[in-house]
Protein chains: 2
Amino acid sequence: MNTRSGVASYTPVPCETACASCDVRALSLCAALRQDDLSVMERVSTVRNLLPDEILIHEGDPARRVYTVTKGMMRLSTILADGRRQITGFLMPGDFLGLADEETTSATVEAVTHSTLCAFARADMNRLLHDHPPLQARLMQFTRAALREARDGQIMLGRLAPVEKLSSFLLMMSTRMEARGLPANPVPIPMSRTDIADFLGLTVETVSRSFTKLRNQQLIRLPDAHHVDIVDRRALAAVAGIDQA
Amino acid sequence: MNTRSGVASYTPVPCETACASCDVRALSLCAALRQDDLSVMERVSTVRNLLPDEILIHEGDPARRVYTVTKGMMRLSTILADGRRQITGFLMPGDFLGLADEETTSATVEAVTHSTLCAFARADMNRLLHDHPPLQARLMQFTRAALREARDGQIMLGRLAPVEKLSSFLLMMSTRMEARGLPANPVPIPMSRTDIADFLGLTVETVSRSFTKLRNQQLIRLPDAHHVDIVDRRALAAVAGIDQA
DNA sequence: CGCCGTATTGAGCACTGTCAATAACAGTGG
DNA sequence: CCACTGTTATTGACAGTGCTCAATACGGCG
């Protein structure tokens, strides 16, 4: 289970740490830095690899590090005393991890798929932010965007019906793929039905039924459980309540 | 409805614009400024008074101004095409308005009660932020806090049962009163049951029934519809799922 | 090929939303 | 001051939706 793949320390050729050849650089926080400033950042960064379901952060842990996701997918979640879980967001390559917290982490963070992250000690990051105003500005933008996303989440959770929630979710996933220059149409859905349920505030069964409904209405096709082919984007958006683009 | 003791226009002496004597200064963004820098801020600020239910911002409007709430209470909301509404948050004195947006506003903002705000042109605020790093830092903290709050909202909306939602809401209101140095025990609830419902993702009827349940369990008393006396805070927190403090 | 975890489907029920009636309340005008 | 009216809150009855429990199907992997 937690078979550490032994890649915690640098590989001989630090391909991932080479910011210059980083494929999420344009999307990530680092885009705010010029080539030469990038090396300053590179010097204080370490790479972290995670296996599926491996836990990176336990809610309540001290917030010692911040990260940029470079590969894979992460989930942010909170678990109530009786085991109920709410997933508050998924992180994809380019996303920043650590926007909400100052001292203590406010969510558990786990890998959905095999993931790679670029880690920074919070103190180092603070110094970088202080020395590079554009970096600070970009972090602010990221935080604002995360706030808007969380509020969209509130709208979805509070006022959408199950099929609407799922439609909204699928469109969001598609949009995020597109934003990363990846194919947006057959959307890969790496997370389990349980994860989707805990994100949408539903049960697994209801999620499954909602998938079936959308399939029966010819709005989507399901090549397999983890790939959704959006057949009628417009109609899907209409079902979603036309929130998302 | 709730006769707030004030009149729209205030005393001849513009008490509200006098930052030096502002009673929410310690709570607000401005706390980051020294006495003399405060005058710079004061010079570019204007006061805005709002009557109950008066609309300050329509979702989609250009985000020309930002505000600090000095009196009263505001609500942030989004309305879906078919009229369903989700309230994503309430703002109280000291709270900053405009954290999430850059170009376009992402929520409608209305006054719950007679409210007073301190307004700044976004351009002016940006200049202030640029010239005063501590102000920038404080804005960042506020944004982070708002993000944590929105995520708490997601948890509440996604995974709590109606009574749990209401308990959680009441405790939150109480906590926020306390944070402002105001009496935390008989909690004033200025907003309507409809507002509460749209915040908690419920219907008015369910909110009302949940109030009744909590009253019947002796956890709260209801002197009137807009005041809640928390009788057993511990038990209420237990019902809430012990999220909030 | 068989096993195990995940996803889907089915049946029944509890809960919450809907619709409707009543009650409390505030503001208005006689 | 009180009756009248419109608004808001509460309560009741009922139905539909989504959850619970249970069975079946699918798919990856040994």
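Lettering follows sequence order; numbering is per chain, from 1. Computed from heavy atoms alone, side chains included, the values below leave out hydrogens, waters and symmetry copies.
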Who passes side chain to side chain contact (heavy atoms under 4.5 Å, CB included) against [X], sequence neighbours left out?
X         : value
Ala179(B) : none
Asp23(A)  : none
Ala145(A) : Arg148(A)
Asp224(B) : His226(B), His227(B)

Separation of [N] [atom2] from [X] [atom1] (nearest whole Å):
X         : N       : atom1 : atom2 : answer
Ile220(A) : dA7(C)  : CD1   : P     : 14 Å
His227(A) : dA7(C)  : NE2   : P     : 13 Å
Arg215(B) : dA9(D)  : CZ    : P     : 15 Å
Asp224(B) : dA24(C) : CG    : C1'   : 11 Å
Leu166(A) : dT17(D) : CG    : C1'   : 17 Å
Asp195(B) : dT7(D)  : CG    : C1'   : 14 Å
Leu222(A) : dT8(C)  : CG    : P     : 7 Å
Leu214(B) : dT10(D) : CG    : C1'   : 15 Å

Exercise for the section: Apply salt bridge (Lys or Arg N to Asp or Glu O under 4.0 Å) to Arg65(B) and list each qualifying residue two or more places apart in sequence or on a separate chain. Expected result: none
Problem - Partner residues of Ser174(B) under the side-chain hydrogen bond (donor to acceptor under 3.5 Å, both in side chains) criterion, sequence neighbours left out - result: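 Counting only residues at least two positions away or on another chain, Ser174(B) forms a side-chain hydrogen bond (donor to acceptor under 3.5 Å, both in side chains) with Arg233(B).
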Exercise for the section: Fit a plane to each ring of Phe142(A) and Phe96(A), take the angle between them on a 0 to 90° scale, and name the class: parallel (under 30°), tilted (30 to 60°) or perpendicular (over 60°). Expected result: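 Aromatic pair Phe142(A)/Phe96(A) classed perpendicular.
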Exercise for the section: Mind running a 4.0 Å heavy-atom check of residues 183-192 of chain A against DNA chain D and sending the residues that fall below it, in number order? Expected result: none
Strictly by salt bridge (charged side-chain N to carboxylate O under 4.0 Å, His left out), give each pair with a member in [range] just once, sequence neighbours left out.
range                       : result
residues 183-197 of chain B : Arg75(B)-Asp195(B), Arg85(B)-Asp195(B)
residues 211-222 of chain B : Arg221(B)-Asp229(B)
residues 162-183 of chain A : Asp95(A)-Arg176(A), Asp95(A)-Arg180(A), Glu164(A)-Arg84(B)

Practice task
With axes from five pairs an end, tell me the bend angle of the helix from dC1(C)-dG30(D) to dG30(C)-dC1(D), nearest 10°.
Solution key: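 Result, rounded to 10 degrees: 30°.
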Problem - Of Val204(A) and Ala161(B), the one whose closest DNA chain C nucleotide lies more 5' - result: Val204(A)
Handout entry: Pair Arg144(A) + Glu149(A), salt bridge at N-O below 4.0 Å
Key = no
Practice task
Kindly say if His226(B) contacts the phosphate of dA9(D), meaning a side-chain N or O under 4.0 Å from OP1 or OP2.
Solution key: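 Yes, within the criterion.
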Problem - N or O in side chain of Ser208(A) less than 4.0 angstrom from dT9(C) OP1/OP2 - result: no
Handout entry: Under 4.0 Å protein heavy-atom contact, by nucleotide of nucleotides 19-26 of chain D - B base, S sugar-phosphate only
Key = SBB-----
